[in-house]
*Asks:* 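First the structure, which I've put down as structure tokens, then a few questions once you've had a look.
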Amino acid sequence: MVSRALLRDRPDFVRQSLARRRHDTSVVDEFLRADREWRAAISALDEDKKERNRLSAAFAAARSAEPASLESLRDASTLLSVRIKQNESAAASLERKADSVLTEMPNVLLDDVPDGADFESNVELRRVGEQTSFEFAPLPHWEIGERLGILDFARGVSLARSRFTVLRGAGARLNRALINFFLETNVAAGFTEIVPPILVNRESVRASGHLGKFADLMFSVDDGALFLSPTAEVQLVNLHRGEILESDHLPKLYTAYTPCFRQEAGAAGKDTRGLVRQHQFEKVEVVAVCSPDDAARLHQTIVDQAESLLQALGLPYRLVLLCGADTGFAARKTYDLEVWLPGQQTYREISSCSDCGDFQSRRAMIRYRADAADKPRYAATLNGSALPVGRTLLAILENYQREDGAVTVPGVLRPYMDGATAIT
RNA sequence: GGAGAGAUGGCUGAGCGGCUGAAAGCAACGGUUUGCUAAACCGUCAAAGCGCCUUUAAGCGCUUUCGAGGGUUCGAAUCCCUCUCUCUCCGCCA
């Protein structure tokens, strides 16, 4: 949630940020109008309430002192209460109006986020690793996986529906190896491992910014009371919802392996083959909760963490800074890591590392005290995938494929695979 | 699924119509004492919103908040209704 104070004090700054996102800027004025009206209403209302409190106190005093005046006090107070009740509902609807505009407003971008209308304007910062080349024509992972009998798309569909897949044998083993490798590396780097619920309530998805317009991203159960989490970012950010943290306990660094579920309603016809876009996928996520002063540093820490995993696996990738229009709703700055997929001759997103500033903290009321005597302040939250399991698995299949149809197992994963050097 | 108990500040926990934004204790913070540590003593210590003032900070004023929503009343943490959640016991089950 964008700060109300910022919108009031520096509306042009917020408009500018919205424009850089190619977002409608009139929402700022919509908010300011509702906010102004609400503040006027609440001021008048408070005056009435003050008077009612005075009358009540006078009533209590008059009970013994001058019983004769009780009736007129009672009448005056009753009259006032009726007016307060009316004005209260008017004020509440103005507040709801301002709030609903605010809830739908994306985060304010950091200054160094590049301008741009779409992904074409994203800035490639660097490439790491040579694009894998072969003496033969490389295959896409779905062909490699089906030939090896480790990916079974048809049976996934028969068990659930399209965009569900079955992993078998060495494929399932490779999947588990990746989970263990990611988690152990993240824990060694100082992240605390969490096993959260996979079903999350409305309040949690609202706080992380996944509800609103993004509600159709998620599968819901129990008549919409709960959602299948679309990313462990939801659970990890909400771990401290409503809390005031001690500053010497910050930063909080978390990592979790979870299944994730997405409807992918807007992606009909896109990436229909293979593991790239599934309704159910698995991911190891990292999240940091920290003081705003620490956000930039920890953003880098998270990117480094994701990069170190890709490097250890020997996967070529590039680091991209997303432009305004491509930066997600809750983020104020996002780096994407894109892995090279030789079967498709392209870089594909494999990790998205976002600095959300205090945007999520405001919604989730995650605060901390910089000093014991200070007022609580909103924390900053950051998140990144480190890494998604399915997309990493497919990247390994494509980058480590051999002419004979086998796939070499990257060295760091062999200890998790009984020392196997290849999947044949 | 059946029966009961409960939801109050960072934590424990009292309050059961006006004197309660809330006793007491713990924790925290400031200070006194002390050779150091500990102990003891004194003091401070909920959050949010709006307004005033100010460059900001601080400060001041008002309002709201005792799980959520509604009701009764001149007045609700306190009485009534609904909902949500938590805990205990029984049953069932991994």
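Lettering follows sequence order; numbering is per chain, from 1.
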*Asks:* Between A/Glu243 (CD) and B/rC11 (C1'), how many Å, whole number?
*Replies:*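 That distance rounds to 13 Å.
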
*Asks:* Mind checking ring-ring contact (aromatic ring centres under 6.0 Å, His included) for A/Phe31 and listing every partner two or more places apart, or none if nothing turns up?
*Replies:*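 Result, ring-ring contact (aromatic ring centres under 6.0 Å, His included) vs A/Phe31: none returned.
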
*Asks:* Side chain to side chain donor-acceptor pair (under 3.5 Å) with A/Lys283: which of A/Thr231, A/Thr258, A/Thr392?
*Replies:*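 The option that passes is A/Thr231.
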
*Asks:* Using the C1' atoms only, state how far B/rC79 lies from B/rC16, rounded to an integer number of Å.
*Replies:*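 These two C1' atoms come out 9 Å apart once rounded.
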
*Asks:* Compile the donor-acceptor pairs under 3.5 Å between side chains in residues 415-424 of chain A and protein atoms, sequence neighbours left out, one pair per line.
*Replies:*
from	atom 1	to	atom 2	distance (Å)
A/Tyr416	OH	A/Glu184	OE1	2.8

*Asks:* Need the pair for B/rU84. Rule: Watson-Crick or G-U wobble, both distances under 3.5 Å, any strand; none if unpaired.
*Replies:* B/rA7

*Asks:* Rounded off to whole Å, could you give me the CG-to-P distance for the A/Leu245 and B/rG10 pair?
*Replies:* 12 Å

*Asks:* With both distances kept under 3.5 Å, what pairs with B/rU20, Watson-Crick or G-U wobble?
*Replies:* none

*Asks:* What does nucleotides 45-64 of chain B look like as a protein-contact string, B for base, S for sugar-phosphate only, - for none, at under 4.0 angstrom between heavy atoms?
*Replies:* -SSSBSS----------SSS

*Asks:* Considering Watson-Crick and G-U wobble pairs with both distances under 3.5 Å, what does B/rG1 pair with?
*Replies:*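 WC or wobble partner is B/rC90.
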
*Asks:* Please confirm whether A/His279 and A/Phe219 have ring centers closer than 6.0 angstrom.
*Replies:*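 Centroid separation for A/His279 and A/Phe219: below 6.0 Å.
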
*Asks:* Take atom C1' in B/rG15 and the same atom in B/rA7, then report the distance between them in whole Å.
*Replies:* 15 Å

*Asks:* Below 4.0 angstrom, N of the basic side chain to O of the carboxylate: do A/Arg348 and A/Asp336 qualify?
*Replies:* no

*Asks:* Which nucleotide, if any, forms a Watson-Crick or G-U wobble pair with B/rU56, using both distances under 3.5 Å?
*Replies:*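 Its partner: none found.
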
*Asks:* How far does the C1' atom of B/rC83 sit from the matching atom of B/rU88, given to the nearest Å?
*Replies:* 22 Å

*Asks:* What is the pairing partner of B/rU32, taking Watson-Crick or G-U wobble pairs with both distances under 3.5 Å in any strand?
*Replies:*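 B/rA40 is the nucleotide pairing with B/rU32.
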
*Asks:* Mapping A/Lys85 and A/Arg74 onto RNA chain B by nearest heavy atom, which one lands closer to the 5' end?
*Replies:*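 Between the two, 5'-proximity favours A/Lys85.
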
*Asks:* Could you measure between the two P atoms, the one in B/rU33 and the one in B/rG51, and give it in whole Å?
*Replies:* 46 Å

*Asks:* Quick check: are there more than 12 heavy atoms from other residues, nucleotides or ligands sitting under 6.0 Å from CZ of A/Arg83?
*Replies:* no

*Asks:* Would you measure the distance from the C1' atom in B/rC45 across to the matching atom in B/rA23 and give it in whole Å?
*Replies:*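 Nearest-Å result for B/rC45 against B/rA23 at atom C1': 16 Å.
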
*Asks:* Give me the distance, rounded to whole Å, that separates B/rA57 from B/rC50 when you measure between the P atoms they each carry.
*Replies:* 14 Å

*Asks:* What is the separation between atom CG on A/Asn201 and atom P on B/rC85, rounded to the nearest whole Å?
*Replies:* 9 Å

*Asks:* Look at the side chain of A/Ser354 and the backbone N and O of A/Cys356, then say whether any donor-acceptor pair between them is shorter than 3.5 Å.
*Replies:* no

*Asks:* Does A/Asn238 reach the main-chain N or O of A/Ser204 with its side chain, forming a donor-acceptor pair under 3.5 Å?
*Replies:*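 A pair under 3.5 Å: yes.
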
*Asks:* Any strand counts, and the cut-off is 3.5 Å on both contacts for Watson-Crick or G-U wobble. Which nucleotide pairs with B/rU72?
*Replies:* none

*Asks:* Between B/rG67 atom C1' and A/Glu203 atom CD, what is the distance in whole Å?
*Replies:*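 Value for this atom pair: 13 Å.
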
*Asks:* Can you measure A/Leu226 atom CG to B/rU84 atom P for me and round it to whole angstrom units?
*Replies:*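 It is 13 Å, rounded to the nearest whole Å.
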
*Asks:* Mind checking the P distance from B/rU64 to B/rA58? Whole angstroms is fine.
*Replies:* 24 Å

*Asks:* Return the value, rounded to whole Å, for the distance between atom CD1 of A/Ile84 and atom P of B/rU73.
*Replies:*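 In whole Å, B/rU73 P and A/Ile84 CD1 are 16 Å from each other.
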
*Asks:* Rounding to the closest angstrom, what is the interatomic distance between B/rC66 and B/rG71 at atom P?
*Replies:* 15 Å

